[in-house]
Enquirer: 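The structure's right below; bear with me while I get my questions together.
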Amino acid sequence: MEVTRLNNRAIDLIGAVADAIVENKEFLTSLDAAIGDADHGINMARGVEAVRAKVTAAPGADIGALLKTTGMTLISTVGGASGPLYGTAFMRAAGAAQGKTELDGETVKQMLAAAIQGIKDRGKAARGEKTMLDALEPAFDAFVESLEAQKPLVDCLEAATEAARQGVAFTKTIIATKGRASYLGERSLGHQDPGATSSTILLATITDFCRKAQ
Amino acid sequence: MEVTRLNNRAIDLIGAVADAIVENKEFLTSLDAAIGDADHGINMARGVEAVRAKVTAAPGADIGALLKTTGMTLISTVGGASGPLYGTAFMRAAGAAQGKTELDGETVKQMLAAAIQGIKDRGKAARGEKTMLDALEPAFDAFVESLEAQKPLVDCLEAATEAARQGVAFTKTIIATKGRASYLGERSLGHQDPGATSSTILLATITDFCRKAQ
Amino acid sequence: MKKVINNAEQVVEEMLQGIVLAHPQYVKRVEGFDVIVRANAPVAGKVALVSGGGSGHEPSHGGFVGRGMLDGAVAGAVFTSPTPDQVYEAVKAVDSGKGVLLVIKNYTGDIMNFEMAAEMAEAENIKVAKVVVNDDVAVENSTWTTGRRGIAGTVFVHKIAGAKAETGASLEEVKAVADKVVANVRSMGMALSPCTVPAAGKPSFTLAEDEVEIGMGIHGEPGTHREAIGSADQTAAHLLDKILADMAPAAGDEVAVLVNGLGATPLMELYVVNRKVAEVLGGKGIQIAKTFVGNYMTSLEMAGFSITLLKLDAELKELLLAPADTPALVQF
Amino acid sequence: MKKVINNAEQVVEEMLQGIVLAHPQYVKRVEGFDVIVRANAPVAGKVALVSGGGSGHEPSHGGFVGRGMLDGAVAGAVFTSPTPDQVYEAVKAVDSGKGVLLVIKNYTGDIMNFEMAAEMAEAENIKVAKVVVNDDVAVENSTWTTGRRGIAGTVFVHKIAGAKAETGASLEEVKAVADKVVANVRSMGMALSPCTVPAAGKPSFTLAEDEVEIGMGIHGEPGTHREAIGSADQTAAHLLDKILADMAPAAGDEVAVLVNGLGATPLMELYVVNRKVAEVLGGKGIQIAKTFVGNYMTSLEMAGFSITLLKLDAELKELLLAPADTPALVQF
Ligand SMILES: Nc1ncnc2c1ncn2[C@@H]1O[C@H](COP(=O)(O)OP(=O)(O)O)[C@@H](O)[C@H]1O
Ligand SMILES: Nc1ncnc2c1ncn2[C@@H]1O[C@H](COP(=O)(O)OP(=O)(O)O)[C@@H](O)[C@H]1O
Ligand SMILES: [Mg+2]
Ligand SMILES: [Mg+2]
Ligand SMILES: [Mg+2]
Ligand SMILES: [Mg+2]
């Protein structure tokens with residue numbers, strides 16, 4: 001894949017992600033209203049719109065550069081907890097994709113691993129604390145399992161998304177011990193985590209995009 | 001009528017007036033909410049309760065003294081526009097009833113005249129400005145007419161009350177040019193004046209009391 | 001009615017206790033009366049200022065008792081002018097022999113009650129002067145009304161006449177400068193939501209979700225009209241237009257600005273309003289010597305705001321910028 | 001949603017413009033950033049203080065920029081921690097070479113964003129220290145939470161660490177006294193009504209007419225529980241009990257009190273609360289060195305209040321009473 005083509009496709013992907021988040025802005029915000037401070041959708045929408053504008057203007061030479069721009073833009077526009085977390089995740093993923101103009105399963109695996117590690121380094125949370133990690137870690141595990149079973153990249157992404165969805169459902173059953181929802185104690189039960197939900201939307205949109213682009 | 005008997009009856013009358021105002025507290029307040037500041041019933045109820053307590057404790061030697069206590073108590077407890085106006089009215093009426101232990105039509109006429117003059121001196125309003133004067137002045141005229149027609153005191157009071165009622169109805173048809181309602185201009189149309197209404201309640205209660213006491 | 005109170009009858013009494021307990025360095029209670037005065041009242045050699053009115057406008061007026069502003073404040077029942085005996089007690093407690101200026105907002109009830117108090121004080125040979133504040137331009141000043149209402153502009157009278165009194169000026173001089181403030185101060189307000197008098201238990205009026213009340217008073221009285229809610233800029237410009245039309249300042253004139261919150265409107269919104277006010281005045285070449293933004297003359301939990309402009313001359317400006325030290329306004 | 005705004009996206013920008021237009025003697029804007037700093041920043045020879053957080057808590061934090069308190073304040077989107085680049089700009093704009101103390105409220109987002117800014121500043125050889133305020137006793141401080149939230153007690157950190165910085169103290173000394181405030185300050189709040197994030201357009205929660213939320217945060221987050229509304233005295237006593245149980249002051253101890261309004265609660269009600277607070281403390285022989293009553297750390301148009309107690313020693317008391325000159329807190 002040439003850089004130009006990558007850029008066009010990458011910009012389209014980022015556009016699709018932005019559209020998906022903006023579409024879910026109110027939904028994500030209402031999830032956050034229940035156990036947080038009613039801004040997650042607003043924060044994410046602001047971030048992805050800024051990313052869309054930025055990468056359209058200057059997409060960068062490779063996937064690494066593009067993701068770095070994405071991460072830095074998220075850091076400087078989202079704010080709250082999700083800004084540094086998603087920002088760091090994309091910056092780390094950028095590191096794993098440095099110089100690449102095409103992606104294979106192994107690279108995506110490394111990108112996901114780096115992104116998740118970034119979130120953990122920054123937020124000091126672990127799986128089971130009712131955060132985005134409860135979507136992302138199961139997603140990663142499912143991705144790796146499919147990859148090891150030699151499935152095509154799109155199938156791996158599909159498996160990851162499905163696992164993320166189950167992770168979101170799981171967040172309904174646990175008490176938050178990290179982030180703003182942790183103040184609620186038992187009252188956080190029954191509510192799904194906004195960040196886990198936005199992570200899943202990201203994954204689902206990427207998967208969808210890749211399947212259609214096949 | 002002896003002073004003791006007067007006192008008992010006067011205290012009963014004041015009790016009846018207080019009851020009537022307290023009963024109409026919300027009604028008067030809601031009238032004031034429409035064209036004023038939603039406190040007329042509250043103000044009047046506070047005043048008549050204080051008067052009741054005061055005259056029960058120390059009724060005074062004659063009707064003049066009793067009315068003076070009433071006026072002074074109203075002045076020091078009602079506040080707003082109605083406090084000084086009703087307070088002055090009772091003080092002036094007290095002057096006209098000084099030393100009296102019994103009342104006849106002529107005395108009552110002088111008391112009413114003095115009270116109304118007090119309200120005009122204090123509030124600088126005239127009939128037709130959508131104030132208590134629009135109840136009290138027609139009431140006075142009707143009282144005098146009945147008195148000149150040699151009617152018994154109770155009938156004179158009855159005529160006065162009826163005229164006051166018509167005065168209240170009239171206040172609905174005019175724009176306020178005095179008091180808080182004057183700021184409303186045309187918007188005060190259709191609403192009856194709270195002060196005219198409380199004046200009418202006072203007159204009606206006194207009339208009722210006198211008829212029953214016959 | 002949802003309020004943090006114990007009971008509607010005791011709310012003024014308990015508030016006054018709370019004020020004195022919070023600010024003993026500034027104020028003390030005149031025992032037995034709904035009156036608070038400076039902790040060191042009477043202040044020797046100084047004309048004293050007394051203001052007051054119905055409660056529910058906090059920090060007006062008790063919050064402005066202190067050096068450079070008021071000497072005493074009288075708290076009536078909520079939205080109800082205090083009675084003459086209460087005002088008279090305040091006058092007695094603050095008079096140092098140099099006389100007392102009564103700062104009265106232009107409402108029939110306030111005027112009558114303060115006038116009766118003045119008569120009582122004069123009978124005791126206390127020199128009393130009065131100033132009546134009527135800054136609200138919402139209602140035309142005509143023979144058809146009892147004149148304009150006094151609203152947030154009153155705070156400028158407290159500040160400036162208070163500073164004048166602090167200089168040792170005579171009662172006549174303090175009254176003169178207070179009258180000058182009144183001649184030069186104009187305000188107008190709007191409400192997004194009504195307020196509830198505790199003893200009444202329900203709102204004085206209701207507004208639809210998209211409706212605002214323009215030109216209402218500070219006692220939950222209805223205003224001149226209702227309209228659909230506009231943007232902050234539109235609303236601010238509209239109120240300012242009415243004020244400027246009446247005041248007719250010229251380019252180069254200097255003013256003080258007060259963007260006053262009515263109780264429930266966040267500072268965030270008041271600052272958004274102030275941005276527009278500054279823009280409009282700047283566009284007309286009018287200088288802003290000082291801006292106040294906050295809750296100065298409230299109407300319980302009403303949401304909304306008023307804009308006040310005071311045209312300054314050298315004297316008014318100097319007195320406006322003079323130090324003040326009160327619970328609600330401190331200025332070096 | 002009924003607000004005096006132009007549009008939800010521009011509200012922070014327009015508010016910041018309004019603040020700077022209102023108080024040019026105190027603050028200026030760092031152009032291109034949602035940052036305001038002292039008009040004379042950087043102040044030579046002084047450790048600088050930077051605070052901030054989501055907007056919607058006004059006058060926190062921009063209102064406390066000025067002599068004796070903050071040097072800079074960073075305004076995030078409403079209820080959303082500002083981003084690292086914004087905080088970094090504030091740090092650069094106020095650093096005089098003596099270093100910068102970041103005053104951070106304990107929320108995951110705030111901590112992460114401020115930490116990233118600190119890393120950026122340190123990379124540029126700016127000395128940075130941090131203090132994390134966690135005064136809210138509503139939630140038990142346990143391994144099950146991310147620690148206590150920072151709420152109104154933050155204002156005492158601004159005041160006292162700001163006064164310390166004004167003495168020419170070193171960054172370590174300023175941080176030490178800030179940490180001492182954090183160790184000794186406790187708060188808890190309650191809400192009568194929710195607030196609406198402008199961009200969200202509807203309230204974060206709803207409460208029945210007779211229901212209150214206890215122990216909620218200052219971002220419209222739900223609290224520990226709901227209960228039927230009680231009297232002001234009951235509610236105040238309940239919050240105070242939780243604070244006192246945690247703080248365990250002894251008779252003879254001296255405290256500062258802050259009865260903080262959340263935005264829509266009238267001063268009248270806050271003073272009624274303060275009356276009870278003073279009564280309870282008095283009954284325990286606890287001395288009150290100074291009381292603040294008003295809107296210091298708000299939550300947009302939320303109705304409700306919080307109580308904050310700060311246990312004082314000689315150093316904290318002296319610094320608390322030291323002069324301050326900022327838009328929202330002036331003290332001789
Ligand atoms: N320490 C953490 N580690 C991982 N994710 C976290 C952490 N804290 C919060 N989150 C995620 O961030 C989401 C909230 O993001 P957002 O609402 O934008 O920020 P804020 O909580 O500052 O308002 C939560 O739903 C959760 O998934
Ligand atoms: N100048 C006046 N002369 C006579 N009556 C007046 C005058 N001004 C007001 N009133 C009466 O007072 C009533 C209002 O009383 P109240 O509500 O107790 O006082 P306030 O207007 O100060 O709140 C009006 O309904 C009117 O009848
Ligand atoms: Mg959130
Ligand atoms: Mg009234
Ligand atoms: Mg009234
Ligand atoms: Mg947030």
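So that the names make sense, note that chain A is the first sequence line, chain B the second, and so on, each numbered from 1.
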Enquirer: Which one, A/S76, A/A38, A/G36, A/S30, leads in non-hydrogen pairs under 4.5 Å with chain D?
Expert: A/S76
Enquirer: At a heavy-atom distance under 4.5 Å, which candidate from D/P84, D/P82, D/G220 has the highest pair count against chain A?
Expert: D/P84
Enquirer: Measuring from A/E186:CD to D/H225:NE2, what's the distance to the nearest 0.5 Å?
Expert: 14.5 Å
Enquirer: Other residues, nucleotides and ligands only: do more than 12 of their heavy atoms fall within 6.0 Å of NZ on A/K68?
Expert: no
Enquirer: Output the option from D/N113, D/V197, D/T108, D/I111 having the highest count of non-hydrogen pairs under 4.5 Å with chain A.
Expert: D/N113
Enquirer: Is atom CE of D/M1 surrounded by more than 12 heavy atoms (other residues, nucleotides or ligands) closer than 6.0 Å?
Expert: yes
Enquirer: Below 4.5 Å, heavy-atom pairs only: which of A/R46, A/K25, A/M72 has the largest tally toward chain D?
Expert: A/R46
Enquirer: Find the one option among D/K202, D/E213, D/M216 whose heavy-atom pairs under 4.5 Å with chain A are most numerous.
Expert: D/E213
Enquirer: Pick one: which of D/D136, D/T224, D/V139 meets side chain to side chain contact (heavy atoms under 4.5 Å, CB included) with A/Y183?
Expert: D/V139
Enquirer: Is it the backbone or the side chain of A/E26 that comes under 4.5 Å from a heavy atom of chain D, or both, or neither?
Expert: side chain
Enquirer: Of all heavy-atom pairs between D/M112 and A/G123, which one has the smallest distance, and what is that distance?
Expert: SD-CA, 3.9 Å
Enquirer: Is A/T77 close to chain D through its backbone or its side chain, or both, or neither, when contacts mean heavy atoms under 4.5 Å?
Expert: backbone
Enquirer: Just do the side chain to side chain contact (heavy atoms under 4.5 Å, CB included) check on D/M116 and A/T88 with the steps written out, would you?
Expert: CA-CA 10 Å; D/M116 290 169 84; A/T88 304; 4.1 Å; yes
Enquirer: Within a 6.0 Å radius of atom NZ on D/K3, are there more than 12 heavy atoms belonging to other residues, nucleotides or ligands?
Expert: yes
Enquirer: To the nearest 0.5 Å, what is the distance between OG1 (D/T83) and CG (A/L74)?
Expert: 11.5 Å
Enquirer: Are there more than 12 heavy atoms of other residues, nucleotides or ligands under 6.0 Å from atom CD of A/Q98?
Expert: no
Enquirer: Determine whether more than 12 heavy atoms belonging to other residues, nucleotides or ligands lie under 6.0 Å from atom CD of A/E145.
Expert: no
Enquirer: Where do D/P222 and A/L184 come nearest, in terms of heavy atoms and distance?
Expert: CB-CD2, 3.4 Å
Enquirer: Is it the side chain or the backbone of A/R122 that comes within 4.5 Å of chain D heavy atoms, both, or neither?
Expert: both
Enquirer: If you measure from CZ on D/F79 to CG on A/D39, what distance do you get to the nearest 0.5 Å?
Expert: 9.0 Å
Enquirer: Is A/I75 in contact with chain D via its backbone, its side chain, both, or neither, using a 4.5 Å heavy-atom distance?
Expert: both
Enquirer: Please classify the contact between A/A34 and chain D as side chain, backbone, both or neither, with a heavy-atom cut-off of under 4.5 Å.
Expert: backbone
Enquirer: Using a cut-off of under 4.5 Å for heavy-atom pairs, which of D/G53, D/G223, D/G54, D/G217 has the most such pairs with chain A?
Expert: D/G223
